[in-house]
Engineer: 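Take a look at this one; I'll ask things after.
The shown structure was predicted, so the numbers you read here are calculated from the model rather than taken from an experiment.
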Amino acid sequence: MKSIERYNPRVEEPRWQQAWDDAGAFVIANDDPREPYYVLEMFPYPSGRIHMGHVRNYAMGDVLARYKRARGFNVLHPMGWDAFGLPAENAAKKTGTHPKQWTYANIATMKAQLKTMGLSFDWTREFATCDVAYYAQQQKLFLDMLKAGLVTRKKSKVNWDPVDETVLANEQVIDGRGWRSGALVEQRELTQWFFRISEFSEELLAALDGLDGWPDKVRLMQRNWIGKSEGLRLLFALTPSDMTLTPAIEVFTTRPDTIFGASFIALSPDHPLAAELSAANPALRAFIAEVHRQGTATEALEKAEKQGIFTGLTVAHPVREGETLPVYVANFVLMEYGAGAIFGCPAHDQRDLDFARKYGLPVRPVVLPEGADPAAFAVADEAYTGPGRIFNSAFLDGLAVDAAKRAIAAHFAARTVDGRPQGVVETNYRLRDWGISRQRYWGCPIPIIHCEEHGAVPVPDADLPVTLPDDVTFERPGNPLDHHPHWKHVACPLCGRPARRETDTMDTFVDSSWYFARFTAPDAATPTIPAIADRWLPVDQYIGGIEHAILHLLYSRFFARAMRRTGHLGLDEPFKGMFTQGMVVHETYRDAAGDWVLPADVVLEGAGAERRARHAATGAPVAIGAIEKMSKSKKNVVDPDEIVRTYGADTARWFMLSDSPPERDVQWTAAGIEGAGRFQQRVWKLVNEAVEVAALPPTGTTPAADIAALQKLVHRAVAAVGDNIEALRFNSAVAHIYELSNGLARFAATLAAAPTANGGATLREGVEKLVLVIAPMMPHLAESCWAVLGGTGLVTDTPWPAVDPALLVDADVVLAVQVNGKRRGEISVPKGADAARVEKEALSLEVVTRMLDGKAPRKVIIVPDRIVNVVA
RNA sequence: GCGGGCGUGAUGGAAUGGUAGACAUACGGGACUUAAAAUCCCGAGGGGGUAGCCCCGUGCGGGUUCGAGUCCCGCCGCCCGCACCA
């Protein structure tokens, strides 16, 4: 047999990419009659270069897209760029390159990199969110949402960096200082634009139950984030009354059943009443200022001691006649949640207990754990928050917690304070409105004009889009749009008098909250064409990182609802299936000086405990460190370009999909990628050999049983690979492909020694199917093999191989025979054999008779076609 | 603190409550080679036995079951999310 040349991906891969391009293989039409299927991977931020995390993400999506296409679907598989964001402005500050230039150059680089991976994207639908055509539509959406009452403008507290003159996200505040400037961060009240996501709190929560194509973990994270809690809004009358202040203080509680144990009231330092009182109370003023100063250091909050200051006010105890409760301002009460004030029941809330112990307030247990002695039950350092019966509580005594909540709610509903019901049942959510104003240049301008007379006026349709000016400078701190000589000076659309353009831009999360819809009609003159969007949406399978489990996915779910209200979409849930992939991790290496070393500069020797590393160039020893997420800072990165150049895209894709389950982290290793490369060569060799062996003059006939065995192997593998791809279990699909190719190779070797006509035909058929099932994962190799096999057209246009169900079942089955639950032997019986026969055969096994030692079995359990268990 | 997940050979990992370790990597042995690489074949959870076989084994301790890696309870360890949410 002639020797087979090695498969050369460097030649073959570009060739097939060109062939797909020429055939327009992945350009799809909205009106294609085939059933639509939408596969989407989270689009990348154009940071500069593709990394291995992208490779893994897109490899997974591509397998599914190609598989579904082979299954006859019209598959939408688009790609674009999440292109607005701060890094572009930082680059501008550092290198002087304009954000636009920097961003589009990065896109060009990364697109070229993606092209070498042979991904089945419909590139005709590509867009970047910084394209004017895209953000123009986003401005229309914003104005429609404003009209629909889904946008508001309100004051809110923000982290303000006084040096950079910008708002910082919580993550950008480190130890109370700006991450970039190092300046002490201030809390400022700014008027900002908000999307009213909280309007949908209940809906967003309730709909999670229906998202059964999502990981439970993500649904749970969203549930917690929305944070629903049901309780009572309760009024406490000031006593003695002071009408110059307020008649009553309002609190929110989820534990009204513990009201008899209440021993104080605490206001948030941001509570209006606290501000009012502080005017005449320097100590209180100082306390509030101190809390604000500490407030920004989020990290310190968890350890911060419960602190408070007595305001001098007291309120009447609502159920203990004649008693009063002191009113404090306390550092642990948040203004943003509930009523910004609480009542403290120290016996049954840990924070209240800590506070009460510090300020010597009474601790009165009112919930008795099941079985506890009411006379002896006491609370020391640990509050009791569990279930039980109410005691020490007059008319609530003896009730369970839930019953007591209802009873006390009814009690307060029937009473009034200041002419209002004293208690009102209320549901609260942790979810707050989404503040989208950013004092930055490289984002979507908010299409509003501020007029002294008319307030915030929407930019008229005719004046849209509001485009970003190119001539901006980044030398001065603050927002370049604000510094621009004339951009913001415009006339009021209503009165024509001088007015000021809104210079804030939108949070970049807005851009990514509806891009999936835009892909369905990327050139439309409206944000979407609803009929087309509704045909494609929801996205059948969305794939991306777990880091977006909350914000991005929640914002997108909100946007779908907002777009439905404004007539741009006909559905609520944007993503039917969601999959969160694991990270790509790699060992870290450090030299003697403690500097990180790139894996490419490291030579590894030995195995196990003997494993050593040294520097490739110098030979100096290098310490092998922890396995961590690939990151530039630790240099434990492998460049996809390098891998594609050395091994080819298919090998990189194959390695990313094999071994690790897709939801878990995958460890990149040199051995792993080499193994994947070897498999690529093995398939190539097998296909070429099969063609030669099948063409050899026959010397006999292969027994029917051997033919059937191979066919079974092939059909089972095809079925298993399909099932596994559908379930996104790519690692299991890979294992079945290995089994298939190993089986085919063994068969080919046997046939080479004694060629037959029937064997040759069966082998060829098997190899053809192998090629078709590896195609979603190694598409270039599959095309090359297909050509060798003389297949018609491109694999890309070839349907998934059919499976003969008859070949998936056996005539005979091997049953494991257990004695007392331990496997002792096996019997082969016809499939579906009756219990009597199975029992007879099992009991006649030598090992079974020996174990039974002449006694009759106590019981024989037979699971048809699976197992026999003899209980001795 | 609250919530969730995970723990299986040297390693990554398979396994609808039904033959634990599929498949791969690394390793050992062999074939081919002057040699190496590549390739192919064989071996392999631990222990015992010439062998047929036997004992032990999925973090630890219990339980349910004819049967548990899988279900339940309690620990230990690691990872992730949220975090003063009343």
Engineer: Taking only the C1' atom of each, what is the distance from B/A24 to B/A44 in whole angstrom?
Structural biologist: 15 Å
Engineer: Salt bridge between A/Lys831 and A/Asp865, side-chain N to carboxylate O under 4.0 Å?
Structural biologist: yes
Engineer: In whole Å, what is the span from the CG atom of A/Asp723 to the C1' atom of B/A15?
Structural biologist: 16 Å
Engineer: Does any residue of residues 651-661 of chain A have a heavy atom under 4.0 Å from RNA chain B, and if so, which ones, in number order?
Structural biologist: A/Asp659, A/Ser660, A/Pro661
Engineer: Using a strict threshold of under 4.0 Å (side-chain N to carboxylate O), is an ion pair present between A/Arg357 and A/Asp381?
Structural biologist: no
Engineer: For the atom pair OG (A/Ser268) and CD1 (A/Ile288), what is the distance rounded to the nearest 0.5 Å?
Structural biologist: 8.5 Å
Engineer: When the P atoms of B/A37 and B/G30 are considered, how many whole Å apart are they?
Structural biologist: 13 Å
Engineer: Using a heavy-atom cut-off of 4.0 Å across all strands, would you classify A/Arg729 as base, sugar-phosphate, or nothing?
Structural biologist: sugar-phosphate
Engineer: What is the minimum heavy-atom distance between A/Tyr7 and A/Asp650, and which atoms define it?
Structural biologist: OH-OD2, 4.4 Å
Engineer: Could you pull out all residues at least two apart from A/Ala735 that satisfy side-chain contact (heavy atoms from CB on, under 4.5 Å)?
Structural biologist: none
Engineer: Between B/G3 and B/C73, how far apart are the P atoms? Round to whole Å, please.
Structural biologist: 14 Å
Engineer: In this structure, how many angstroms lie between the P atom of B/C2 and the CZ atom of A/Arg351, rounded?
Structural biologist: 13 Å
Engineer: Taking the nucleotide of RNA chain B with the nearest heavy atom to each, does A/Ala341 or A/Thr669 sit closer to the 5' end?
Structural biologist: A/Thr669
Engineer: For A/Arg664 and B/G5, is the shortest distance between a side-chain N/O and OP1 or OP2 below 4.0 Å?
Structural biologist: no
Engineer: Distance between the P atoms of B/U50 and B/G63, in whole angstroms?
Structural biologist: 37 Å
Engineer: Syn or anti for B/G9, given that syn means the glycosidic angle lies within 90° of 0?
Structural biologist: syn
Engineer: Within the 4.0 Å heavy-atom criterion, would you say A/Leu334 contacts the bases, only the backbone, or no part of the nucleic acid?
Structural biologist: base
Engineer: In this structure, are over 12 heavy atoms from other groups packed under 6.0 Å from A/Asp209 atom CG?
Structural biologist: yes
Engineer: Evaluate the ring planes of A/Tyr359 and A/Phe355, with Trp represented by its six-membered ring, and classify them as parallel (under 30°), tilted (30 to 60°) or perpendicular (over 60°).
Structural biologist: tilted
Engineer: Tell me which nucleotide among B/U25, B/A83, B/G18 gets nearest to the side chain of A/Arg866.
Structural biologist: B/G18
Engineer: How close do A/Ala380 and A/Leu353 get, counting heavy atoms only, and between which atoms?
Structural biologist: O-CD2, 3.8 Å
Engineer: Report which part of the nucleic acid A/Arg858 touches: base, sugar-phosphate, or nothing (heavy-atom distance under 4.0 Å, all strands).
Structural biologist: nothing
Engineer: Restricting to nitrogen or oxygen on both sides, can you table the protein-nucleotides 36-39 of chain B pairs closer than 3.5 Å?
Structural biologist:
unit_1	atom_1	unit_2	atom_2	d
B/U39	O2'	A/Lys685	NZ	3.4

Engineer: Considering only the C1' atoms, how many Å lie between B/G29 and B/C66, rounded to the nearest integer?
Structural biologist: 43 Å
Engineer: Expressed as a whole number of angstroms, how long is the span from A/Asp349:CG to B/C85:C1'?
Structural biologist: 11 Å
Engineer: Taking all atoms of both residues into account, what is the closest heavy-atom pair of A/Gln222 and A/Ala549, and its distance?
Structural biologist: NE2-O, 3.0 Å
Engineer: Are A/Ser229 and A/Asn428 linked by a side-chain donor-acceptor pair shorter than 3.5 Å?
Structural biologist: no
Engineer: Who are the side-chain contact (heavy atoms from CB on, under 4.5 Å) partners of A/Ala745, not counting sequence neighbours?
Structural biologist: A/Leu686
Engineer: Restricting to non-hydrogen atoms, name the atom on A/Ala262 and the atom on A/Arg364 that form the minimum distance, rounded to 0.1 Å.
Structural biologist: O-NH2, 3.9 Å
Engineer: Could you give the CD-to-C1' distance, from A/Glu426 to B/A86, as a whole number of Å?
Structural biologist: 12 Å
Engineer: Looking at A/Arg6, I want to see if its CZ is surrounded by more than 12 non-hydrogen atoms of other residues, nucleotides or ligands under 6.0 Å.
Structural biologist: no
Engineer: Quick one: A/Gln667 CD to B/A10 C1', roughly how many Å, whole number?
Structural biologist: 14 Å
Engineer: Mind calculating the distance between CG (A/Asn224) and C1' (B/C2) to the nearest angstrom?
Structural biologist: 9 Å
Engineer: Restricting to salt bridge (charged side-chain N to carboxylate O under 4.0 Å, His left out), what partner residues turn up for A/Arg850, sequence neighbours left out?
Structural biologist: A/Glu846
Engineer: Could you tell me the separation between the CE atom of A/Met777 and the CZ atom of A/Arg653, rounded to the nearest 0.5 Å?
Structural biologist: 9.5 Å
Engineer: Given the rule in the side-chain contact (heavy atoms from CB on, under 4.5 Å) test, do A/Val868 and A/Glu841 qualify, once you have shown the distances and angles that lead to the verdict?
Structural biologist: CA-CA 10 Å; A/Val868 184; A/Glu841 291 209 18; over 6 Å; no
Engineer: Return the stems involving RNA chain B, sorted by first number, where pairs are Watson-Crick (N1-N3 with N6-O4 or O6-N4) or G-U wobble (N1-O2 and O6-N3), both under 3.5 Å, and runs are 3 or more long.
Structural biologist: B:1-7 with B:76-82, B:10-12 with B:23-25, B:27-31 with B:39-43, B:45-48 with B:53-56, B:59-63 with B:71-75
Engineer: Please give, in whole Å, the distance from B/C78 P to A/Asp665 CG?
Structural biologist: 18 Å
Engineer: Does A/Tyr337 have any ring pair (Phe, Tyr, Trp, His ring centres under 6.0 Å) partners at least two apart in sequence or in another chain, and if so, which?
Structural biologist: none
Engineer: Mind checking the P distance from B/C23 to B/G4? Whole angstroms is fine.
Structural biologist: 37 Å
Engineer: Whole angstroms only, please: what is the CD-P distance between A/Glu826 and B/A20?
Structural biologist: 11 Å
Engineer: Give me the residues of residues 731-747 of chain A where at least one heavy atom lies under 4.0 Å from an atom of RNA chain B, by number, or none.
Structural biologist: A/Asn731, A/Ala735, A/Tyr738, A/Glu739, A/Asn742
Engineer: Show me the protein contacts with nucleotides 46-56 of chain B, counting only N or O atoms at under 3.5 Å.
Structural biologist:
unit_1	atom_1	unit_2	atom_2	d
B/C54	OP1	A/Arg824	NH1	3.4
B/C55	OP2	A/Arg824	NH1	3.0

Engineer: Please report the distance separating the P of B/G59 from the corresponding atom of B/C55, rounded so that it comes out in whole Å.
Structural biologist: 22 Å
Engineer: Which listed nucleotide (B/A86, B/A20, B/G3) is nearest to the side chain of A/Tyr337?
Structural biologist: B/A86
Engineer: Sticking with atom C1', work out how far B/A68 lies from B/G57, rounded to a whole angstrom.
Structural biologist: 14 Å
Engineer: Taking ring pair (Phe, Tyr, Trp, His ring centres under 6.0 Å) as the test, write out the residues that go with A/Phe747, two or more places apart.
Structural biologist: none
Engineer: Parallel under 30°, tilted from 30 to 60°, perpendicular over 60°: which one fits the rings of A/Phe343 and A/Phe236?
Structural biologist: tilted
Engineer: Shortest non-hydrogen contact from A/Val870 to A/Pro857?
Structural biologist: CG1-CB, 3.7 Å
Engineer: Determine, for nucleotides 61-67 of chain B in 5'-to-3' order, which nucleotides have protein heavy atoms under 4.0 Å from the base (write B), from only the sugar-phosphate (write S), or from neither (write -).
Structural biologist: -----BS
Engineer: Using the salt bridge (Lys or Arg N to Asp or Glu O under 4.0 Å) rule, collect all pairs that involve residues 341-354 of chain A, keeping only residues at least two apart or in two chains.
Structural biologist: A/Asp349-A/Arg351
